[in-house]
S.K.: 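Can you read through this structure? Questions will come right after.
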Amino acid sequence: MRAAATAVAVLTLLGLTACAGGPSLETRAAITASPGDSRDLAIGSAGFTESELLAQMYAALLRHAGYRTHVLTVGNRELYEPALEAGQIDVVPEYAATFADWLNAKNKGSKAPPVASPDLGATLRALRRLAGSRGLTVLQAGRAVDQNAFAVSAAYARKHHLKTLSDLGRAGLPVRLAAGDECVQRPFCAPGLKKTYGINLTAIDPKGVGTTPAKQAVQNGQDQMVLTTSTDATLDRFGLVLLADDKKLQNADYVLPVVNRARAGSERPAAALNRLNKVLTTADLANLNEQVDSWRRLPADVARNYLVSKGLLPQR
């Protein structure tokens with residue numbers, strides 16, 4: 001029954017938000033309303049492992065603070081962000097730089113210059129300005145960051161004394177990169193690796209971002225480097241290690257909660273959610289992802305166990 005009710009709720013949500021492009025006449029007043037403190041909060045998840053884990057942790061922390069919570073899985077930002085504006089979803093886990101540029105493009109079109117950068121402070125200022133005009137409040141960024149990252153085999157790193165992307169650039173080695181097709185044009189992928197680090201990219205092997213075939217290609221020496229993410233917990237399995245982005249090519253995609261101001265913008269939900277930001281690290285998030293994806297544990301169980309281990313929830 002619970003699963004069926006959730007499915008109905010999601011279908012209803014999709015229908016209500018499919019045509020949304022900004023605050024409606026009914027919700028526009030919420031932009032200037034006093035910060036709300038609804039006792040019943042819907043937490044949105046984008047449907048991939050990390051988002052589900054974060055949503056479950058947000059829900060558990062808010063329940064512990066006295067709120068009634070439930071998690072709604074809505075597959076993409078195009079659907080859940082209008083629902084967040086409308087108050088059909090009250091809280092979502094987001095990524096500072098990605099969400100800032102997404103809202104900016106929503107306001108000004110897909111060709112708008114980016115507002116996000118590797119500077120977290122500047123990115124948050126831009127994000128809060130954009131979000132505030134839509135009735136949303138951006139809470140504090142945590143310690144965890146999920147951004148593009150580049151890995152090589154541990155043996156390759158040892159042989160060439162590589163710890164950073166700058167080391168790879170200075171080495172002048174020919175590098176075939178396993179990545180997605182879009183890497184050729186994206187400024188934070190091939191163009192940035194060449195311009196910022198002077199890396200000698202000879203080809204892009206279109207195997208996708210952090211896919212098993214992409215990692216295997218680096219493991220077996222077909223490629224020298226793979227594009228993945230900073231919370232990828234499977235690198236050890238393939239004998240891979242990340243090279244540090246020491247010149248900060250990547251944008252500040254720190255994890256943070258975004259809330260509907262009129263329903264969850266008061267200090268109490270913010271205080272409950274900020275407790276997680278003080279402890280959750282990038283390495284922690286990678287480990288939690290691994291528990292779900294590799295060990296086949298339920299996100300809700302993994303989320304609760306983590307919160308208990310950090311003293312944020314009591315033992316049952």
S.K.: Going by ring pair (Phe, Tyr, Trp, His ring centres under 6.0 Å), name the pairs with one or both residues in residues 183-238, residues two or more places apart or in two chains.
M.R.: none
S.K.: Which heavy-atom pair separates Cys183 from Pro191 by the least distance, and what is that distance?
M.R.: O-CD, 3.5 Å
S.K.: Looking at Gln291, is its backbone amide N or carbonyl O close enough to the side chain of Ser294 to form a donor-acceptor pair, meaning the two atoms are under 3.5 Å apart?
M.R.: no
S.K.: Any chance the side chains of Lys215 and Thr234 put a donor and an acceptor closer than 3.5 Å?
M.R.: yes
S.K.: Output yes when a side-chain donor or acceptor of Arg304 lies under 3.5 Å from a complementary backbone atom of Met57, and no otherwise.
M.R.: no
S.K.: Between the side chain of Thr282 and the main-chain N/O of Ala144, is any donor-acceptor distance below 3.5 Å?
M.R.: no
S.K.: Heavy atoms only: give me the nearest Tyr254-Ala141 pair and the separation to one decimal.
M.R.: CB-CB, 4.0 Å
S.K.: If I compare all heavy atoms of Ala151 with all of Val218, which pair ends up nearest, and what's the gap?
M.R.: O-CG1, 4.5 Å
S.K.: Verify the cluster assignment for Leu235 and Leu243: are they in a single hydrophobic cluster under the rule of side-chain heavy atoms below 4.5 Å apart?
M.R.: no
S.K.: Indicate yes or no: at least one non-hydrogen side-chain atom of Gln147 is less than 4.5 angstrom from one of Thr229.
M.R.: no
S.K.: Mind checking whether Pro269 and Asp37 have side chains closer than 4.5 Å, heavy atoms only?
M.R.: yes
S.K.: For Asp167, enumerate each residue passing the salt bridge (charged side-chain N to carboxylate O under 4.0 Å, His left out) test, keeping only those at least two apart in sequence or located in another chain.
M.R.: Arg170
S.K.: Answer yes or no: is there a side-chain heavy-atom contact under 4.5 Å between Glu81 and Ile89?
M.R.: no
S.K.: Which residue pairs pass the ring pair (Phe, Tyr, Trp, His ring centres under 6.0 Å) test when at least one of the two sits in residues 148-179, sequence neighbours left out?
M.R.: Tyr156-His160
S.K.: Quick one: which of Thr231, Asp293, Asn289 gives a side-chain hydrogen bond (donor to acceptor under 3.5 Å, both in side chains) with Thr49?
M.R.: Asp293
S.K.: Can you find a pair of side-chain heavy atoms, one from Tyr306 and one from Gln56, that are under 4.5 Å apart?
M.R.: no
S.K.: Taking Asp301's backbone N and O only, do any of them form a donor-acceptor pair with Asn305's side chain (distance below 3.5 Å, no angle check)?
M.R.: yes
S.K.: For residues Thr228 and Leu242, determine if any side-chain heavy atom of one lies less than 4.5 Å from a side-chain heavy atom of the other.
M.R.: yes
S.K.: Counting only N and O atoms by type, is there a donor-acceptor contact under 3.5 Å from the side chain of Glu85 to the main-chain atoms of Gly135?
M.R.: no
S.K.: Run the side-chain contact (heavy atoms from CB on, under 4.5 Å) test on Leu177 and Cys189 for me, step by step, so that the C-alpha distance in whole Å, both residues' side-chain angles and the decisive distance to 0.1 Å come before the verdict.
M.R.: CA-CA 10 Å; Leu177 174 65; Cys189 199; 4.1 Å; yes
S.K.: Run the numbers on Tyr67 and Asp40 for side-chain hydrogen bond (donor to acceptor under 3.5 Å, both in side chains), then give the verdict.
M.R.: CA-CA 6 Å; Tyr67 295 89; Asp40 194 345; over 6 Å; no
S.K.: At their closest point, which heavy atom of Ala272 faces which heavy atom of Leu62, and how far apart are they?
M.R.: CB-CD2, 4.0 Å
